[in-house]
Amino acid sequence: LDCNISSIWELKKELEDIVIKFQLKPVIFSGIQALSNFTREEKRYKKLAETARKIYIFGFPDSETDMIPGMSPVRLNEDEYTKDIFLIINGSDYYAALLAKEIKKDVFEADKSVYKAFITFERKIINSAISSMNSVLLDKKVEIPPPAPVTDSFLAEVSQKKMKTVLFH
């Protein structure tokens, strides 16, 4: 899926809304390119932090950012995932991943930059993404969360239907 940054943020919001709406307790890995982008999402992440077990915010440390309790910043070097925007939700009853890589940057208008995006609700793919994130956490000496129990997820099916509506209407 090719899209712009506004579309990526909207897709992230839709996936996060399921966590908030159903008061779920997942671990969330959120890649936002630069930690300064956290400011635009702070209010929303306060709501997520009220219910999620833990939230990791990955980004280049271009500004000092006060984290909300239950959240940990993961400070990346410029060459680590800073062209990516991602959201990985790992819960026992809801799991999803949105992975997007910037493939064409417009330095004058961010919304004209092009991203390749991928959304999945398949546990095997999500587990692979979680494994990659855990490797980064280990490298950065950040505590790794315990794994969520694996179950089939009705909520993942509901979210898939909602994403199809968002993407194709």
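- Here the shortest heavy-atom pairing between Asn37 and Gln33 reads ND2-CB, 4.1 Å.
- For the residue pair Phe60 and Leu76, the shortest heavy atom distance occurs at CD1-O, 3.3 Å.
- In this structure the side chain of Glu102 never reaches within 4.5 angstrom of the side chain of Val114, judged on heavy atoms.
- The shortest non-hydrogen separation linking Gly91 to Arg123 is O-NH2, 2.9 Å.
- Atom CG of residue Leu15 and atom CG of residue Leu98 lie 6.0 Å apart, to the nearest 0.5 angstrom.
- Interatomic distance, Lys13 NZ to Ile18 CD1, rounded to the nearest 0.5 Å: 11.0 Å.
- Between atom NZ of residue Lys43 and atom CG of residue Leu48 there is a gap of 14.0 Å, rounded to the nearest 0.5 Å.
- Taking CZ of Arg53 as the start and OG of Ser92 as the end, the distance is 7.5 Å to the nearest 0.5 Å.
- Partners of Ser132 by side-chain hydrogen bond (donor to acceptor under 3.5 Å, both in side chains), not counting sequence neighbours: none found.
- Taking Arg44 as the reference, Glu16, Asp17 meet the side-chain hydrogen bond (donor to acceptor under 3.5 Å, both in side chains) condition, with sequence neighbours excluded.
- Inter-residue side-chain proximity for Tyr94 and Ile89 is flagged as met; some heavy-atom pair is nearer than 4.5 Å.
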Test side-chain contact (heavy atoms from CB on, under 4.5 Å) on Val136 and Tyr56 and set out the steps.
CA-CA 11 Å; Val136 173; Tyr56 296 93; over 6 Å; no

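- Checking side-chain atoms of Thr51 against main-chain N and O of Leu24 turns up a donor-acceptor pair under 3.5 Å.
- For the pair Asn90 (side chain) and Pro26 (backbone), a donor-acceptor distance under 3.5 Å is absent.
- Sorted by first then second residue, the salt bridge (charged side-chain N to carboxylate O under 4.0 Å, His left out) pairs that include residues 25-41, not counting sequence neighbours, number zero.
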Could you go through the side-chain contact (heavy atoms from CB on, under 4.5 Å) check for Glu80 and Asp139 one step at a time?
CA-CA 12 Å; Glu80 299 177 299; Asp139 185 51; 4.1 Å; yes

When you look at Ile55 and Tyr45, which way does the side-chain contact (heavy atoms from CB on, under 4.5 Å) test go after all the steps?
CA-CA 9 Å; Ile55 301 172; Tyr45 272 84; 3.9 Å; yes

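- Here the closest non-hydrogen pair linking Ile32 and Phe38 is CD1-N, 3.5 Å.
- Rounding to the nearest 0.5 Å places CD1 of Ile8 at 11.0 Å from CD of Glu10.
- A distance of 5.5 Å separates CG of Leu87 from OG of Ser30, quoted to the nearest 0.5 Å.
- Within the 4.5 Å cutoff, the side chain of Asn4 has no heavy atoms near those of the Tyr115 side chain.
- In this structure Lys101 satisfies the side-chain hydrogen bond (donor to acceptor under 3.5 Å, both in side chains) test together with Asp84, sequence neighbours excluded.
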Quick one: side chains of residues 68-75, donor-acceptor pairs under 3.5 Å with protein atoms, not counting sequence neighbours, listed by atom name and distance.
unit_1 : atom_1 : unit_2 : atom_2 : d
Ser72  : OG     : Lys54  : NZ     : 2.8

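- When all heavy atoms of Leu35 and Ser63 are compared, the closest pair comes out as C-OG, 4.1 Å.
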Would you sort out whether Ile125 and Phe118 count as a side-chain contact (heavy atoms from CB on, under 4.5 Å), showing the intermediate values?
CA-CA 11 Å; Ile125 297 169; Phe118 174 74; 4.0 Å; yes

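- Residues passing the side-chain hydrogen bond (donor to acceptor under 3.5 Å, both in side chains) test with Lys116, sequence neighbours excluded: Asp2.
- A distance below 6.0 Å separates the ring centres of Phe86 and Phe58.
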Working note: Asn134 + Ser131, criterion side chain to side chain donor-acceptor pair (under 3.5 Å); need CA distance, chi angles, decisive distance, verdict.
CA-CA 5 Å; Asn134 284 341; Ser131 179; over 6 Å; no

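- Of all non-hydrogen atoms in Ile144 and Leu138, the two that sit nearest each other are CD1-CG, 3.2 Å.
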